[in-house]
Amino acid sequence: VKDILGEKRGAWLHERKMKFRFCGDLDCPDWILAEISLLSKLTSIKMKLLCSQVVKDILGEKIDYDKLMKLTADAKYEESDVKSSVAALEFIFSSAAKHTVDGESLDNELQQLGLPKENASSLCKVYSDSITSLQHVFAEQSLRVSTLESVDWRVDYVLSSSALQDIGEPVIQLKMSRKDPITKEATPITFSLTGQKFRLLFKDLKQAHSTMESLG
């Protein structure tokens with residue numbers, strides 16, 4: 001049912017060529033339209049509580065889906081409904097904050113998309129209270145780069161290989177661990193270098209390091 005309602009409202013909005021500030025002055029994604037009808041099933045109080053949990057998740061606090069299942073039990077949400085609602089709210093909060101949309105404008109646009117006034121007001125109350133924190137997190141994420149966690153190496157002497165010119169030529173085995181700035185997960189990167197390529201890599205890294213120090 002929610003897909004049909006979303007498609008009908010999406011077609012109507014498309015015919016009117018409506019653009020939304022919280023979507024970056026673009027059309028609202030069809031999947032968000034489909035979730036609006038699902039979010040409409042919640043009471044305004046449950047909407048506010050759900051939104052608060054979603055904001056905490058965006059700010060770095062892991063979301064408790066068991067808690068959300070109990071919270072949305074009155075609306076007869078299934079697990080897939082909870083996860084899709086969370087995804088929709090994360091998109092709304094993130095996109096609105098990144099495009100610096102004020103709470104009142106977001107409230108009006110969500111009502112245009114079919115979200116009941118009470119639910120839109122509850123959502124936007126949480127958004128208005130959290131917009132500064134959200135924008136701070138997004139600004140930090142946009143400036144972060146991956147960090148090098150560790151470097152391990154060893155030198156092997158290969159007795160026979162079609163890739164090497166001389167038997168016994170040393171091969172450097174490098175293993176680096178790269179940490180993602182957002183997920184905090186480390187990803188191993190391994191590769192092999194001949195002695196000549198390693199010397200070139202070392203030279204380039206020293207030059208890059210000198211350049212960075214001069215800029216700092």
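Y127 and F93 have parallel rings, their planes meeting at less than 30° on a 0 to 90° scale where 60° marks the start of perpendicular.
Legend: residues meeting salt bridge (charged side-chain N to carboxylate O under 4.0 Å, His left out) with D74, ordered by chain and number and at least two apart, are K46. Every side chain to side chain contact (heavy atoms under 4.5 Å, CB included) that S105 has, sequence neighbours left out, goes to R21, V101, D102.
Within 6.0 Å of atom CH2 in W153, 12 or fewer heavy atoms from other residues, nucleotides or ligands are found, so the atom counts as exposed in its surroundings. Around CG of L201, the count of heavy atoms belonging to other residues, nucleotides or ligands within 6.0 Å exceeds 12.
Neither side chain, D57 nor Q53, offers a donor N or O lying under 3.5 Å from an acceptor on the other.
Using a 4.5 Å cut-off on side-chain heavy atoms (C-beta onward), Q173 and T190 make no contact. At least one side-chain heavy atom of L123 sits under 4.5 Å from a side-chain heavy atom of L106. Counting heavy atoms from C-beta on, the side chains of L68 and Y77 never come closer than 4.5 Å. For the pair E35/F91, no side-chain contact is recorded, criterion being any heavy-atom separation below 4.5 Å from C-beta on. Taking 4.5 Å as the limit, some side-chain heavy atom of Y65 sits within range of a side-chain heavy atom of K83. Contact check for E104 versus N108: side-chain heavy atoms found under the 4.5 Å cut-off. Counting only heavy atoms from C-beta outward, the side chains of V86 and L89 never approach each other to under 4.5 Å.
Counting all heavy atoms, side chain and backbone alike, C23 lies closest to S95 at CA-OG, 3.9 Å. Nearest heavy-atom pair across S122 and S44 is OG-O, 3.0 Å. Looking at every heavy atom in both residues, L115 comes nearest to I36 through N-CG2, 3.6 Å. Across all their heavy atoms, S214 and T211 have their closest contact at OG-O, 2.6 Å. Residues H99 and F22 approach most closely at ND1-O, 3.9 Å, considering heavy atoms. Between L39 and N119, the shortest heavy-atom distance links the atoms O-ND2, 3.1 Å.
Connection of F202 to V155 is not established within any shared hydrophobic cluster, with ILVMFWY side chains joined at heavy-atom distances below 4.5 Å, either directly or through further cluster members. Cluster annotation: W31 is not connected to L26 through the hydrophobic network of ILVMFWY side chains, with a link wherever side-chain heavy atoms come within less than 4.5 Å. By the rule that hydrophobic residues join a cluster once side-chain heavy atoms approach within less than 4.5 Å of another member, L200 and V171 end up as members of separate clusters.
Separating the CZ atom in R154 from the CG atom in L174 is a distance of 10.5 Å, to the nearest 0.5 Å. Atom CG of L113 and atom OG of S40 lie 10.0 Å apart (nearest 0.5 Å). To the nearest 0.5 Å, atom CD of residue E79 and atom OG1 of residue T72 are 10.5 Å apart. Interatomic distance, CG of D107 versus CD of Q112, reported as 10.5 Å (0.5 Å rounding). Here the CE-SG distance, from M47 to C124, works out to 9.5 Å after rounding to the nearest 0.5 Å. Taken from CZ in R199 to CG in L193, the straight-line distance is 11.0 Å, to the nearest 0.5 Å.
Judged purely by atom type and a 3.5 angstrom limit, Q135 uses its side chain to pair as donor or acceptor with the backbone of A97. Between the side chain of S130 and the backbone N or O of S133, no donor-acceptor pair lies under 3.5 Å. The backbone N or O of A186 sits nowhere less than 3.5 Å from a side-chain atom of E149 that would complete a donor-acceptor pair.
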Original post:
Checking side chain to side chain contact (heavy atoms under 4.5 Å, CB included) for the pair I172/S192: CA distance, chi angles, key distance, verdict?
Top reply: CA-CA 6 Å; I172 293 86; S192 302; over 6 Å; no
**OP:** Please assess K41 against D81 for the test side chain to side chain contact (heavy atoms under 4.5 Å, CB included), listing each intermediate value before the final yes or no.
**Re:** CA-CA 11 Å; K41 295 180 180 180; D81 295 328; 5.9 Å; no
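Under 4.0 Å is where a charged nitrogen must lie from a carboxylate oxygen, and between D129 and K125 at least one such pair does. Of the charged side-chain nitrogens involved, at least one lies within less than 4.0 Å of a carboxylate oxygen, so that K19 and D27 count as a salt-bridged pair.
Tested against L71 for a side-chain contact (heavy atoms from CB on, under 4.5 Å), the candidates I45, D66, L49, D64 yield a single pass: L49.
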